[in-house]
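Scroll down for the structure; my scribbles are underneath it.
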Amino acid sequence: MNMLVETPDRVGGYPSLDETQVAALSAEGRRHRTRAGEVLVHAGEEHYDFIAVLAGTVSEVDGSGDGERSVAVHGPTRFLGELSLIAGQAAARTLRVREPGEVLRVPADRLTSVVERNPALGDLILKAYLSRRVLLMGRVGGLRLIGSRFSLDSRRLRDFVACNHIACQWVDLERDPDAEALLCGLHVRPEQTPVVIGPAGQVLHNPSDAEIARAVGLPGPAPAPTPASGVAVCDLAVVGAGAAGLAAAVYGASEGLVTVTLDEFACGGQAGRSSRMEDYPGFPAGISGGELTARAVVQACQLGATFNMPARASGLREREGNYVVELHDGGEVTARAVLIATGARYRKLDAAGFSTFEASSVYYAATLPEALCCRDEPVAVVGGGNPAGEAALFLAKYTPVVHLLARRDLAETMSRYLVDRIAMTPGIETHTGTEVRELLGGERLETVVIQDRGTGRRHALPARALFVFTGAQPCTGWLAGKVATDEDGFILTGPDADESGQPGRPLLQTSLPGVFAAGDVRSGSIKRLTSAAGEGVAAVQLVWTYLQTTGRAVGDGT
């Protein structure tokens, strides 16, 4: 049994509250006398309270395996819970009183009022919850995902829970000695996997992303709150929750716009999958994409924005002066204005054997779950941009060698600080002027064959995993020609979107009035996180102007 103890490296995740902070919380909460064995929060429970321990002790209990076990004990001045509390997800663990005493319970919606008046307290809670989620990822608690690493559905589910920062323990059929016994206990045959065990013990057989979202309490596709007219119309529908979409959600809500943000997969986009970014303003020590995403989502929700996911946009049409974003599941969201921020996806490699190993050994992100899958094994990273550099530096902490493969010299396509850090990092071997030509191996990737672009010579590199960060393709298929695009499918905006080339069209407006584009999906955009976020903010200002000039009232959802 691994019980939590207060040590210096745990302070960030498990800080203590001072008297002033307890007093601030008490103004919005209620004190509750506890008894031994009392359950304060059940695993899988939604909309649970923020709880601070005033006297006695409370255990975090995991019941996802055989029986229950206490994994942490909290005493006076500690507060309970983790990111699920403020992200609107279900509780990952049961909280049970160990020694009787007293706790302070603050409803989640009242907690927002407290932290708005006490920014330092809000920052303390958010940092702690983010740290706890990192500790929880891949360990006991939350979901258990049982499957084969060679299964496309297992990969899909692992990607979904990782990108949505859902606490999940991965049970590998090929590696985990307890996997077979676990499946027998569930009366499931190996060929019937993947199987997900939810936080409340529910068993889901190869669930869809939407089913996983419901199991952990993620908000599903839904329109803005329906007003008295009976027609739900929001001011701004943001399609895509990457850097541009998140910035627009925060700024739109802060300006009083009824803002609904949709994403088919998860918040954060490509930036959300970055292990560490050191060039984002305000974070001199760097920040992970997951933490930056979580902060933006919490901030937007506190301001009143709504997030729906997974919600895959499948079409766009006009109706009665508004725009309707059609969803893949048959639903729809109606809005006065639309911001397209669907970004772009990395292209697959045109190399022999790529499709054979894509399910088991090819990754398009480099975060903790991916790193743990190839710990202590050689890997290859393909790409010459910042995402590839960030991935190589992160993976070098977990693997003996990282082969960084780029078609051009890194200095031509990558930020200087990354080039310098890569050069100083042991274990990263850079191969510029090369292309991947073939992938070889048995059930899993073993060798990557690269070719020198100058001499044509080929040589083999040992690699058990391949991380791909190559040129991007815009995610615009769902628009079906509704807006003007360039020859590569990126959305044209401003004067470029008008065949007459008239200069009056706003820079981020598409060929449709009231429909804007920002971030990587826009033709001519700078493919950088800071730029995408800036465009998201600028687009909201243009939306506001558009709504005002067309005589629309904003903020009432009518």
Side-chain angles (χ1 to χ4, degrees), residues 149-156 158-159 264-265 269-270 273-274 342-366 370 373-374 377-392 395 399 401-414 422 428-478 485-491 520-521 523 525 527:
R149 64 182 184 275
F150 304 115
S151 163
L152 284 174
D153 281 320
S154 293
R155 168 68 68 82
R156 169 181 60 82
R158 292 181 69 190
D159 285 349
E264 68 171 302
F265 199 64
Q270 291 182 12
R273 295 183 168 202
S274 176
T342 44
R345 293 190 179 96
Y346 290 114
R347 291 190 176 95
K348 298 182 180 182
L349 296 182
D350 182 17
F354 184 84
S355 59
T356 302
F357 297 102
E358 188 175 14
S360 64
S361 309
V362 177
Y363 301 91
Y364 299 93
E370 290 85 10
C373 285
C374 51
E377 297 178 323
V379 302
V381 175
V382 185
N386 280 15
E390 291 163 353
L395 292 168
T399 66
V401 59
V402 178
H403 297 287
L404 180 55
L405 316 175
R407 300 180 65 181
R408 297 156 63 184
D409 187 270
L410 295 183
E412 298 180 33
T413 55
M414 190 178 293
I422 288 170
I428 298 181
E429 298 182 7
T430 303
H431 308 264
T432 56
T434 62
E435 295 180 335
V436 176
R437 287 304 184 194
E438 189 174 6
L439 307 184
L440 303 172
E443 289 186 342
R444 190 181 175 198
L445 179 65
E446 297 175 5
T447 303
V448 173
V449 178
I450 62 174
Q451 179 175 327
D452 188 288
R453 300 184 68 202
T455 65
R457 295 180 59 182
R458 297 190 178 192
H459 59 282
L461 301 173
R464 301 296 178 266
L466 181 67
F467 293 81
V468 180
F469 300 93
T470 52
Q473 294 175 313
C475 301
T476 52
W478 64 281
T485 63
D486 64 18
E487 60 183 10
D488 295 318
F490 290 90
I491 297 174
D520 290 0
V521 75
S523 178
S525 66
K527 303 299 188 283

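Closest approach of V381 and A391 over heavy atoms only: CG1-CB, 4.5 Å. Closest approach of L410 to A406, counting heavy atoms only: CD2-CB, 3.9 Å. When all heavy atoms of G489 and T476 are compared, the pair lying nearest together is O-OG1, 3.1 Å. The minimum heavy-atom distance linking A344 with D520 is given by the pair N-CB, 4.3 Å. Counting all heavy atoms, side chain and backbone alike, P474 lies closest to V521 at CB-CG2, 4.4 Å. Across V379 and C374, no two heavy atoms sit closer than the pair CG1-SG, 3.7 Å.
A donor-acceptor pair under 3.5 Å is absent between the side-chain atoms of T485 and the main chain of F490, judged by distance alone. Of the possible donor and acceptor atoms, one in the side chain of R347 sits under 3.5 Å from a partner among the backbone N and O of A472. With hydrogens and angles ignored, the 3.5 Å screen pairs no side-chain donor or acceptor of T470 with any backbone N or O of G383.
Checked against the 6.0 Å centroid threshold, Y363 and F467 count as a close aromatic pair.
Taking 4.0 Å as the cut-off between side-chain N and carboxylate O, E446 and R444 do not count as a salt-bridged pair. Looking at D153 and R156, a side-chain N of the basic residue comes within less than 4.0 Å of a carboxylate O on the acidic one, giving a salt bridge. Using a 4.0 Å cut-off between charged nitrogen and carboxylate oxygen, E264 and R345 count as a salt-bridge pair.
Between L445 atom CG and E377 atom CD the span is 10.0 Å, to the nearest 0.5 Å. To the nearest 0.5 Å, atoms CZ (F354) and CZ (R437) are separated by 14.0 Å. Between M414 atom CE and I422 atom CD1 the span is 4.5 Å, to the nearest 0.5 Å. Expressed to the nearest 0.5 Å, how far CZ of F265 lies from SG of C475 amounts to 12.0 Å. For the atom pair L152 CG and E358 CD, the distance stands at 7.5 Å (nearest 0.5 Å). For the atom pair CZ of R158 and SG of C373, the computed distance is 3.5 Å after rounding to the nearest 0.5 Å.
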For side chain to side chain contact (heavy atoms under 4.5 Å, CB included), just list the numbers for Y364 and K348, CA-CA rounded to whole Å, side-chain angles, deciding distance to a tenth of an Å, and then say yes or no. CA-CA 9 Å; Y364 299 93; K348 298 182 180 182; 3.3 Å; yes

Side chain to side chain contact (heavy atoms under 4.5 Å, CB included), that's the test. Do H459 and L461 meet it? Break it down for me. CA-CA 7 Å; H459 59 282; L461 301 173; 4.0 Å; yes

Show your working on side chain to side chain contact (heavy atoms under 4.5 Å, CB included) between Q451 and T434 and close with a plain yes or no. CA-CA 5 Å; Q451 179 175 327; T434 62; over 6 Å; no

Verify side chain to side chain contact (heavy atoms under 4.5 Å, CB included) between D159 and E370, making sure each step is shown before the conclusion. CA-CA 9 Å; D159 285 349; E370 290 85 10; 4.1 Å; yes

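Using a 4.5 Å cut-off on side-chain heavy atoms (C-beta onward), L466 and V382 make contact. In this structure the side chain of R453 reaches within 4.5 angstrom of the side chain of E435, judged on heavy atoms. Residues V436 and V449 form no side-chain contact, since every pair of their non-hydrogen atoms from C-beta on lies 4.5 Å or further apart. The side-chain heavy atoms of L439 and T447, taken from C-beta on, include no pair separated by under 4.5 Å.
Note: H403 and H431 have tilted aromatic rings, judged against thresholds of 30 and 60 degrees for the angle between ring planes.
At most 12 non-hydrogen atoms from other residues, nucleotides or ligands lie less than 6.0 angstrom from CD of E443.
Defined by atom type and a distance below 3.5 Å, a donor-acceptor pair is present between the side-chain atoms of D486 and S523.
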